Chemist: 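Before I ask anything, here is the structure I am working with.
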Amino acid sequence: MMNQMEVDDNSADFDMQLIGNFLSFASRGDRVGLNQMLRAGTSPNVQDYDKRTALHLAASEGHAPIVELLLHYKANVNLKDRWQRTPLTDARLYGHRDICRILEVHGGKDFINDQPMTVRHEQDSNELNFDISELNTERSSTVEQGVFGESVKVKWRGTWVVKTVIKSQIYHPVKMKLSAKDNTRLRELRHPNILQFLGSIVHGEEMILITEYLSKGNLDDILCRKGRLDLPTALRYALDIARGMNYLHEHKPLPIVHNHLDPRNLLQDEGDHLKIGEYWVQMFYEQIHPNQDTCQKMDDPSGTSIYQSNVTKKDICRFGFIFYQMLEGRHLSDMNFDFINLKSVDFEPKFQISRCPKRIQQLIERCTSKDPQSSPSFSAVIETLEEVSTSLGRAGCPVC
């Protein structure tokens, strides 16, 4: 029989799962799923770690029907998140004018941009860092959540989170830490397919990162259990990865490059979707080599983005390897996947035609090609995957 503490823990875990599902529906624009939860009694004002509501997320992503649905259920239009931003603040930030008008009609306020802002120095941004004394290690346990660092599940303010101590080689030859600017940049990222970054702690000689906890393991675990995935599941996971990566690559004003995409940092959430972790690791390397502006876009005379060709190529290529592994069951992690030099790998995907549609074969071949010019963007990858997924869903419709 469970004691009261265990009951409370299970209740808290269930509440966070419910809130996560609810906010995920809002962020994805899933009106049917959101409406079902609202009709079942879920409050439209539930908030995540950073006090973000479904209205914040819908306003950020540009989902006007979701905004209208939440307002119909009397969502509080002026709730502030951790950074004192309201849904109207977010709608203005991302240029969604239609949503701005909807929110303003319902009394929405922008408390940041409607009044002079106080200039704050980076060294004064103490709320960006966790207080290590707030991390409760009672009943903690080791979790597999990524390639870099050792991760442990701990409690923070009553909620399970993951504490990761970064391996020393990441900040060799100089000691690394995330700046307040990097912390802010990472914590403000919001997408259903990226792991939520909560903050960082410099503790003695250790660099500690705090992220959300996902209880269902990673893609590497799934592949080890199943060997390979059926086509619909592989397509769904590939779309999750591509959507998360496209969000990172399209981040403004500077794109976020992963460079270390791996089945072990692709985590499964409670809804069986994948979330991308460790997208912050490249920031450490950028600080080690500060003169190499890997996030700077440059255009050559032909109009081809050098950034797209050279920097994002590694992310696209790793995606192609992982997608191939999901479909064919080949364990590419056995090939020193962490630090593989993709340009020198003699890799030629070979498919069983009965298992993999021709369009998917061609997509993987383009992603893993050594010719940067043939490498697609993640937005193009998403378009192809969505078309193939739709074709699979039509009875009697062949996938070419």
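Just so it is clear, the model here is predicted, and its values are computed rather than measured.
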Chemist: Once rounded to the nearest 0.5 Å, what's the spacing between atom OG1 of T142 and atom CD of E150?
Modeler: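 One gets 8.0 Å once the value is rounded to the nearest 0.5 Å.
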
Chemist: Please report whether the ring centroid of F197 lies less than 6.0 Å from that of Y279.
Modeler: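 For Y279 and F197, the ring centres are not under 6.0 Å apart.
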
Chemist: Between the side chains of R85 and D81, is the shortest nitrogen-to-carboxylate-oxygen separation below 4.0 Å, so that they form an ion pair?
Modeler: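 Yes.
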
Chemist: Using distance alone, with no hydrogens and no angle criterion, decide if D230 and T233 have a side-chain donor and acceptor under 3.5 Å apart.
Modeler: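 Short answer, yes.
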
Chemist: Charged N to carboxylate O below 4.0 Å: is that the case for K275 and D240?
Modeler: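 The answer is no: the pair does not qualify as a salt bridge.
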
Chemist: Would you say K51 has more than 12 foreign heavy atoms packed within less than 6.0 Å of its NZ?
Modeler: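 It does not: K51 NZ has 12 such atoms or fewer within range.
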
Chemist: Calculate, to the nearest 0.5 Å, the distance between atoms CD1 and OG1 belonging to I210 and T164 respectively.
Modeler: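 The OG1 atom of T164 is 7.5 Å from CD1 of I210, to the nearest 0.5 Å.
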
Chemist: Can R52 and D90 be said to form a salt bridge (Lys or Arg N to Asp or Glu O under 4.0 Å), step by step?
Modeler: CA-CA 11 Å; R52 304 270 289 171; D90 286 343; 2.5 Å; yes

Chemist: Answer yes if the side chains of Y213 and Q145 hold a donor-acceptor pair under 3.5 Å, and no otherwise.
Modeler: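 No, Q145 and Y213 have no side-chain donor paired with an acceptor closer than 3.5 Å.
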
Chemist: Among all residues two or more places apart in sequence or in another chain, which pass the ring-ring contact (aromatic ring centres under 6.0 Å, His included) test with Y247?
Modeler: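 Per chain and number, Y247 pairs via ring-ring contact (aromatic ring centres under 6.0 Å, His included) with H191.
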
Chemist: Would you confirm whether T368, through its side chain, and I364, through its main-chain N or O, come within 3.5 Å as a donor-acceptor pair?
Modeler: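 Between the backbone of I364 and the side chain of T368 there is a qualifying donor-acceptor contact (under 3.5 Å).
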
Chemist: Is there a path from L79 to L93 through hydrophobic residues (I, L, V, M, F, W, Y) whose side chains come within less than 4.5 Å of each other?
Modeler: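 Different clusters.
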
Chemist: Given the rule that I, L, V, M, F, W and Y join up when any side-chain heavy atoms are under 4.5 Å apart, are V67 and Y73 in one cluster?
Modeler: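 Result: yes, single cluster for both.
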
Chemist: Is any NZ, NE, NH1 or NH2 atom of the basic residue among D269 and K216 found under 4.0 Å from an Asp or Glu carboxylate oxygen of the other?
Modeler: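 Salt bridge: no.
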
Chemist: Less than 4.0 Å between a side-chain N and a carboxylate O, is that true for R243 and E386?
Modeler: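 Yes.
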
Chemist: Just one of T86, L70, N45 clears the side chain to side chain contact (heavy atoms under 4.5 Å, CB included) bar with L55, so which one?
Modeler: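 The option that passes is L70.
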
Chemist: Hey, is R28 close enough to E61 for a salt bridge, meaning N to O under 4.0 Å?
Modeler: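 Result for this pair is no, no salt bridge flagged.
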
Chemist: Indicate yes or no: does E104 engage R92 in a salt bridge with an N to O separation below 4.0 Å.
Modeler: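 Salt bridge between E104 and R92, a charged N being under 4.0 Å from a carboxylate O: yes.
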
Chemist: Considering all heavy atoms of both residues, which atom of Q282 and which atom of H258 are nearest to each other, and what is their separation?
Modeler: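 Taking Q282 first and H258 second, the nearest heavy atoms are CB-O, 3.9 Å.
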
Chemist: Enter the distance from K313:NZ to S369:OG here, rounded to the nearest 0.5 Å.
Modeler: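 Between atom NZ of K313 and atom OG of S369 there are 5.5 Å.
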
Chemist: Can you check whether T53's main-chain N or O pairs, donor with acceptor, with H56's side chain at less than 3.5 Å?
Modeler: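 Yes; judged by distance alone, with no hydrogens or angles, the pair exists.
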
Chemist: Is the side chain of N78 donor-acceptor paired with the backbone N or O of G107 at a distance under 3.5 Å, no angle test?
Modeler: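 Present.
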
Chemist: I need the I102 CD1 to L88 CG distance, nearest 0.5 Å.
Modeler: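 Atom-to-atom, I102:CD1 and L88:CG are 11.5 Å apart.
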
Chemist: Quick one: do the N193 and H273 side chains pair a donor with an acceptor below 3.5 Å?
Modeler: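 Side-chain D/A pair, N193 to H273: absent.
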
Chemist: Under 3.5 Å, is there a donor-acceptor pair between the R359 and S391 side chains?
Modeler: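 No - no donor-acceptor pair under 3.5 Å links their side chains.
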
